[in-house]
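Here the structure comes first, spelled out in structure tokens, and everything after it is commentary.
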Amino acid sequence: MTLTRLRGFQDLYGAHAAAFSRVEECTRRIAARYAFGEIRLPLLEHVELYRRSTGETSDVVEKQMYAFADRDEAETMIALRPEGTPSVVRAYIEAGLDRSDPEQRFYYTGPMFRRERPQKGRYRQFYQFGVEVFGRADAATDAELLIMIDDLRRELALELMTEVNSLGCGECRPAYRARLLEYGRAHLGELCKDCHARLERNPLRILDCKIDVKLAEGAPKALDHLCAACRKHFDTVVDLIAKAGVPHVVNPRIVRGLDYYTRTAFEVTSSAVGAQSAVVAGGRYDGLVEALGGASVPGTGFAIGVDRMALALEATGKATSAEGPIAIITMGDDAMRRGIELAHELRSRGLNVALLSPERGLKALLKRADKIGASHAVIIGPDELARGGAQLRDLAQSQQREVRLEDIAAALSASAKPD
RNA sequence: GUGAGUGUAGCUCAGUUGGCAGAGCACCGGGUUGUGGCCUCGGUGGUCGAGGGUUCAAGUCCCUUCACUCACCCCA
């Protein structure tokens with residue numbers, strides 16, 4: 001086999017595709033219920049967009065983007081989108097909404113691309129469903145997002161845990177950051193090699209190091225250094241989700257690297273999907289719109305890792321059992337011609353119909369009908385055709401009777417009703 | 001980018017000290033002239049990941065390489 005899919009890219013079919021569709025369908029439905037409108041975005045953007053939003057020094061921008069020169073315009077560097085938020089913010093500003101109509105609620109869904117080393121729940125083309133709210137700085141909006149995610153958890157019957165934290169704002173974070181840096185430098189000898197690099201580049205990240213767990217636990221917490229306004233915002237969010245019955249824990253080690261993230265940060269995790277356990281991540285980014293050249297408008301949102309959510313759904317073992325089709329089995333050329341007419345008639349009534357091969361034997365075709373999960377088989381042979389009828393076989397009950405061809409649809413509709 | 005594990009039939013895997021490449025499942029057919037699942041009999045199906053080496057002889061030993069999986073790293 002010389003033609004294979006690229007590393008880290010997936011072909012999705014059967015149960016996997018069904019789980020994906022189920023997650024996407026469910027998220028769309030819930031987003032509409034929360035008054036979000038869809039935004040459809042390009043797969044390609046200027047590299048510059050990600051440099052300025054995701055961050056010049058982030059691994060995503062530095063090492064993981066599929067970036068290349070646009071054909072015939074070598075000076076224009078473009079990239080396959082590694083995430084959705086920058087495009088949404090760019091579109092929002094580009095449409096002038098930040099000035100003309102700042103309060104907006106968008107959702108998007110689709111593939112993202114990052115050239116990482118693949119592992120369970122992490123692929124080079126992965127799918128995200130995300131929402132962004134602009135123009136709302138209140139805690140109720142943050143809480144609503146968490147409640148919305150919990151609706152999804154309930155509808156998919158998943159076991160997930162929501163972890164929340166607050167990162168503070170421009171007022172209180174600089175002082176906290178300095179305290180953390182001080183703490184890190186004081187314990188330099190005890191920190192792992194990766195954390196030495198983190199300390200300089202992105203000090204908050206030492207908090208979620210998997211090696212220096214003990215040290216991270218003893219580190220100063222952002223929650224203990226919040227200004228009064230941030231404290232009140234955070235307490236309100238936690239209070240609101242608690243009252244809404246959202247299972248959650250406060251985790252001071254939930255962090256974000258870049259300065260435009262403010263206040264609320266959260267992750268939702270599943271224990272069923274491997275080491276890459278975050279199925280949702282989100283939070284507030286009051287500085288992002290302005291950082292990308294727009295007005296000073298607050299923002300908050302989240303993105304769901306559809307791949308991981310689908311994995312979690314499949315792990316429950318009760319993903320979906322699609323309704324089986326009606327199998328039409330014909331013997332002989334005349335029967336085949338009548339069979340394809342009947343198939344069309346049944347389909348026009350909304351039934352799911354599989355017209356089986358006219359070139360194989362009855363025994364093989366019944367076996368085939370069984371394999372594809374057909375509920376009924378309609379068997380038309382020369383004898384039946386001569387009488388203007390067909391055998392209608394209930395495959396689960398192993399019972400069959402002859403029905404006139406014009407009555408098949410009614411008979412099938414009647415037997416489908418009791419469910 | 002780093003590390004570990006695994007590559008043998010479509011799938012899951014066995015293969016002893018180096019000695020004729022196997023099983024189960026799946027697929028196709030017979031047992032049943034037009035009736036599925038269960039049973040039974042048979043059949044199709046192989047670049048043993050690839051390349052090189054050692055040997056009378058390599059799936060098995062050595063070297064190189066590729067791929068997959070998981071974890072690290074990173075993570076809107």
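Here is the naming used below: chain letters follow the sequence lines, and residue numbers restart at 1 for every chain.
- In this structure B:rG3 sits in a base pair with B:rC70, meeting the Watson-Crick or G-U test at under 3.5 Å.
- If you take atom C1' in B:rU12 and the same atom in B:rC27, they sit 16 Å apart, rounded to whole Å.
- The CD-P distance, from A:Gln276 to B:rU69, rounds to 14 Å in whole Å.
- Note on A:Gln119: every side-chain N or O is 4.0 Å or more away from OP1 and OP2 of B:rC70.
- In this structure, the CZ atom of A:Arg387 is 12 Å from the C1' atom of B:rG34, given to the nearest Å.
- In this structure, the side chain of A:Arg256 does not engage the main chain of A:Leu204 through any donor-acceptor pair within 3.5 Å.
- Taking a pair to require two hydrogen-bonding distances under 3.5 Å in either a Watson-Crick or a G-U wobble arrangement, B:rA14 remains unpaired.
- Residue A:Ala369 is out of contact with every strand shown, counting any heavy-atom pair closer than 4.0 Å.
- Among the protein residues, A:Thr85 comes within range of the sugar-phosphate backbone only, with heavy atoms under 4.0 Å from sugar or phosphate atoms but none that close to a base.
- By the 6.0 Å contact criterion, NE2 on A:His46 is open, its count of non-hydrogen atoms from other residues, nucleotides or ligands being 12 or less.
- Nearest nucleotide to the A:Arg117 side chain, out of B:rC75, B:rG1, B:rG34: B:rG1.
- The cationic group of A:Arg124 does not satisfy the cation-pi geometry with A:Phe9, failing either the under 6.0 Å distance to the six-membered ring centre or the 45° limit from the ring axis.
- Look at B:rU55: it lacks any Watson-Crick or wobble partner with both distances under 3.5 angstrom.
- With hydrogens and angles ignored, no donor-acceptor pair closer than 3.5 Å exists between the side chain of A:Glu116 and the base of B:rG1.
- With hydrogens and angles ignored, the 3.5 Å screen pairs no side-chain donor or acceptor of A:Arg347 with any backbone N or O of A:Asn352.
- Nucleotide B:rC27 has B:rG43 as its partner under the Watson-Crick or G-U criteria, with both atom distances under 3.5 Å.
- Interface remark: the A:Arg122 side chain does form a donor-acceptor pair with the B:rC74 base, using a distance-only criterion of under 3.5 Å.
- Using a 4.0 Å heavy-atom cutoff across all strands shown, A:Ile379 reaches at least one base atom of the nucleic acid.
- Atoms CZ (A:Phe9) and P (B:rU69) sit 13 Å apart, rounded to a whole Å.
- Between the A:Tyr176 side chain and the A:Pro220 main chain, a donor and an acceptor come within less than 3.5 Å of each other.
- The backbone N or O of A:Ala278 sits less than 3.5 Å from a side-chain atom of A:Arg308, completing a donor-acceptor pair.
- By the neighbour-count criterion of 12 heavy atoms within 6.0 Å, atom CD of A:Glu359 is sparsely surrounded, having that number or fewer from other residues, nucleotides or ligands.
- Between B:rA21 and B:rU16, the distance separating the two C1' atoms is 15 Å to the nearest Å.
- As rounded to whole Å, 13 Å separates atom P of B:rC74 from atom CG of A:Leu204.
- Comparing the C1' positions of B:rC25 and B:rG18 gives an interatomic distance of 31 Å, to the nearest angstrom.
- With both ends at atom C1', the span from B:rG51 to B:rA67 equals 14 Å, rounded to whole Å.
- At a threshold of 4.5 Å between non-hydrogen side-chain atoms, the residues A:Thr27 and A:Val306 do not count as touching.
- Taking a 4.0 Å limit (strictly below) on heavy-atom distances, residues 164-172 of chain A does not reach RNA chain B anywhere.
- Here the side chain of A:Asp286 pairs no donor or acceptor atom with the backbone of A:Thr262 at under 3.5 angstrom.
- Using a 4.5 Å heavy-atom threshold, the side chains of A:Leu152 and A:Met148 count as separate.
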Its contact letters, B for base, S for sugar-phosphate only and - for none at protein heavy atoms under 4.0 Å, make nucleotides 26-33 of chain B read SSSS-B--

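- In this model, the phosphate group of B:rG36 is not approached by any side-chain N or O of A:Arg393 to a distance below 4.0 Å at OP1 or OP2.
- Atom-to-atom, CZ of A:Arg114 to C1' of B:rC74 comes out at 9 Å; the value is rounded to the nearest Å.
- Both distances falling under 3.5 Å, in either a Watson-Crick or a G-U wobble arrangement, occur for no nucleotide opposite B:rG34.
- The closest donor-acceptor contact from the side chain of A:Arg99 to the backbone of A:Ile93 lies at 3.5 Å or more, if one exists at all.
- When the C1' atom of B:rC74 is taken as reference, atom OH of A:Tyr123 falls 17 Å away, rounded to whole Å.
- For A:Val60, taking side-chain heavy atoms from C-beta onward, the closest of the listed nucleotides B:rC75, B:rC73, B:rG34 is B:rC75.
- Taking for each of A:Lys63 and A:Gly8 the nucleotide of RNA chain B with the nearest heavy atom, the 5'-most of the two is the partner of A:Gly8.
- In this structure, the CD1 atom of A:Ile329 is 8 Å from the C1' atom of B:rU35, given to the nearest Å.
- If you find the closest nucleotide of RNA chain B to A:Gln399 and to A:Pro82, the one lying nearer the 5' end belongs to A:Gln399.
- Ranking B:rA71, B:rG34, B:rC74 by closeness to the A:Asp59 side chain, first place goes to B:rC74.
- The residue A:Asp370 sits close to a base: some heavy atom pair falls under 4.0 Å.
- For the pair A:Arg205 CZ and B:rC73 C1', the interatomic distance rounds to 12 Å; values are reported in whole Å.
- Checking B:rA71, B:rC73, B:rU35 against every side-chain atom of A:Leu366, the shortest atom distance belongs to B:rU35.
- Within the 4.5 Å cutoff, the side chain of A:Phe113 has heavy atoms near those of the A:Leu43 side chain.
- The gap from the C1' atom of B:rC73 to that of B:rU2 amounts to 8 Å, rounded to the nearest Å.
- A distance of about 14 Å separates the P atoms of B:rC38 and B:rC28, rounded to the whole Å.
- Taking atom P in both B:rU6 and B:rC61, one finds a spacing of 12 Å when rounded to whole Å.
- Using a 4.0 Å heavy-atom cutoff across all strands shown, A:Glu267 reaches no nucleic acid atom at all.
- Comparing the same atom, C1', in B:rC41 and in B:rU64 gives a spacing of 48 Å after rounding to whole Å.
- Panel note: side chain A:Asp307, backbone A:Tyr127; a donor-acceptor pair is recorded below 3.5 Å.
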